[in-house]
Trainee: 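Okay, here's the structure, questions in a sec.
Naming convention: chains lettered A, B, ... in sequence-line order (proteins, then strands); numbering from 1 in each chain. Scope of the values below: all heavy atoms of this structure, side chains included, with no hydrogens, waters or symmetry mates.
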There are 2 protein chains.
Amino acid sequence: MVKSEQKSIRGEDLKAKVLQTTLKLFSQQGYFNTSLQDIRKSCGVSIGAIYHHFENKEALAKALFETLLDEMNQVIMEAMDPHDSCRAQSHAVAEALFQLTLDEPQKMQFILMAQHREYLPDAAPICSSRPFQSMKDIVEQGMRKKEIRSLDDWVAASTMFGGALRLMNLHLDGALDRPLMELLEETMDCAWRGLKA
Amino acid sequence: MVKSEQKSIRGEDLKAKVLQTTLKLFSQQGYFNTSLQDIRKSCGVSIGAIYHHFENKEALAKALFETLLDEMNQVIMEAMDPHDSCRAQSHAVAEALFQLTLDEPQKMQFILMAQHREYLPDAAPICSSRPFQSMKDIVEQGMRKKEIRSLDDWVAASTMFGGALRLMNLHLDGALDRPLMELLEETMDCAWRGLKA
DNA sequence: GTCTATAAATGGATAGAC
DNA sequence: GTCTATCCATTTATAGAC
């Protein structure tokens, strides 16, 4: 039944299907444990079709990675947009990222926990990617407006989001007993107490 | 010259040399980008010798991983030992881990940034390993003694050490402009403000 | 205990038909 | 644009000499 639904997939739909399947397999097993044959089988497509849309395995991973970083950055921008204060923006961003972690665990797994530089030699470290830069910007802005006290930029950013990011990791590792979202208020309150002017 | 120094390495010395070389290569290139041939060449030993001391590549990685987790836990225990209060213990542990990151970046790189479960299917998530459990214990103890306010255990632990761990990551990624150790006081002060009763 | 040579399998990538 | 068949390099692991 699954097979019959897929048989007519072509063009951009096929490309999207490949990306979707690749995300699933990479996040579950990792890049190196996933062969192109695995991807081929899992989405009922041929090797030739995959190579038509992506130059090679590395380019496939790169396309996926960049798509997800863009998406994450989009989520961050939309979350902070309606707010003015550093505190409100940070809270909204953390909430949006928690929600994304719950809605799309594979995407967050791939972004947060994969070692991209092992297979994308030219990739920048994740901490300098746009979404993480956006988060750092929020905190630096808050420091300029004296909402948070004067601290090293990296210390301030790590304090604001370090706890929340760690909880996302723990959730994805299955370590948390309580629902992730229930921990949002406490975590961001702790961060704020540590930073406020 | 290097070769002539190594030619007589045998037995336990050889085993240690293999582990040391493996750490270097795994932390630099990752597990999957490092072949046994790479290890063989890099430490001037034969494949046969490696297989004599380790059942297979996975067992080699496992031996290395467990050694490093033990070492890290040892560092933590020794750092907290002279202190009583949760605050002093946490500070000492963070300082010791910063120092370990500076002294042995490859070891911390391997512990903090590798995705061990991609090649050690039976490995527990890193957050439940002994060193991380020790850190969590310090915080929970502090909560019982009312030094820090009543919070979810994971939130408290993530707040106390989330910032410091993130800074270690950033340092290893080369993202920090300032020396890691200069950020210790500020980071742990932020964490403490967020947690104190 | 250490070595070399090689087996056996797998994976990325290509060629060419449709 | 998609498919199948195949090439070639690489890798883990073993066998057997020393």
Trainee: Could you check which of D:dT4, D:dT14, C:dT2 has an atom nearest any side-chain atom of B:Ile47?
Mentor: D:dT14
Trainee: Please determine, for the side chain of B:Val45, which listed nucleotide (D:dT12, C:dA13, C:dC3) has the closest atom?
Mentor: C:dC3
Trainee: Over how many whole Å does the gap from B:Gln29 atom CD to D:dT10 atom C1' extend?
Mentor: 15 Å
Trainee: Assert yes or no for the condition that the ring centre distance of B:Phe110 to B:His116 is strictly below 6.0 Å.
Mentor: yes
Trainee: What nucleotide among C:dA13, D:dG1, C:dT2 has an atom nearest to a side-chain atom of B:Ser46?
Mentor: C:dT2
Trainee: When you measure from the side chain of B:Lys57, which nucleotide among D:dT2, D:dA13, C:dA13 comes out closest?
Mentor: D:dA13
Trainee: Want to settle it: does B:Glu12 or B:Gln37 sit nearer the 5' end of DNA chain C, counting the closest nucleotide to each?
Mentor: B:Glu12
Trainee: Tell me: OH of A:Tyr119 to C1' of C:dG12, nearest whole Å?
Mentor: 17 Å
Trainee: Need one value for A:Leu14: base, sugar-phosphate or nothing, where a base atom within 4.0 Å counts as base even if backbone is also close, heavy atoms only.
Mentor: sugar-phosphate
Trainee: I want to verify a distance call: between C:dT2, C:dA13, D:dA13, whose nearest atom is closest to the B:Asn56 side chain?
Mentor: D:dA13
Trainee: Side chains of A:Arg130 and A:Gln133 only: does a donor on one sit below 3.5 Å from an acceptor on the other?
Mentor: no
Trainee: Output the rounded distance in Å from CZ (B:Arg40) to P (D:dA13).
Mentor: 16 Å
Trainee: Send over the distance from B:Leu36 CG to D:dT10 C1', rounded to a whole Å.
Mentor: 12 Å
Trainee: Under the side chain to side chain donor-acceptor pair (under 3.5 Å) rule, what do B:Glu78 and B:Gln74 come out as? Steps first, then yes or no, please.
Mentor: CA-CA 6 Å; B:Glu78 282 174 15; B:Gln74 184 82 8; 3.0 Å; yes
Trainee: In whole Å, I'd like the distance from the CZ atom of A:Phe32 to the P atom of D:dT11.
Mentor: 11 Å
Trainee: Measuring from the side chain of B:Tyr51 (C-beta onward, heavy atoms only), which nucleotide among C:dG1, D:dT14, C:dG12 has the closest atom?
Mentor: D:dT14
Trainee: Return the value, rounded to whole Å, for the distance between atom NE2 of A:His53 and atom C1' of D:dC3.
Mentor: 13 Å
Trainee: Is it true that B:Glu12 and B:His53 share a donor-acceptor pair across their side chains at a distance under 3.5 Å?
Mentor: no
Trainee: For a quick test of reading the model: is some side-chain N or O of A:His52 closer than 4.0 Å to OP1 or OP2 of D:dC3?
Mentor: no
Trainee: Which whole-number value in Å describes the distance from A:Ile39 CD1 to C:dG11 P?
Mentor: 11 Å
Trainee: Heavy atoms only, 4.0 Å cut-off, all strands: where does A:Ser35 land among base, sugar-phosphate and nothing?
Mentor: sugar-phosphate
Trainee: Atom NZ of B:Lys15 and atom C1' of C:dT2: how far apart are they, to the nearest Å?
Mentor: 16 Å
Trainee: By nearest atom, which of the nucleotides C:dG12, D:dC3, D:dA13 is closest to the A:Ala49 side chain?
Mentor: D:dC3
Trainee: If you count the non-hydrogen atoms of other residues, nucleotides and ligands that lie under 6.0 Å from CG in B:Asp103, is the total more than 12?
Mentor: yes
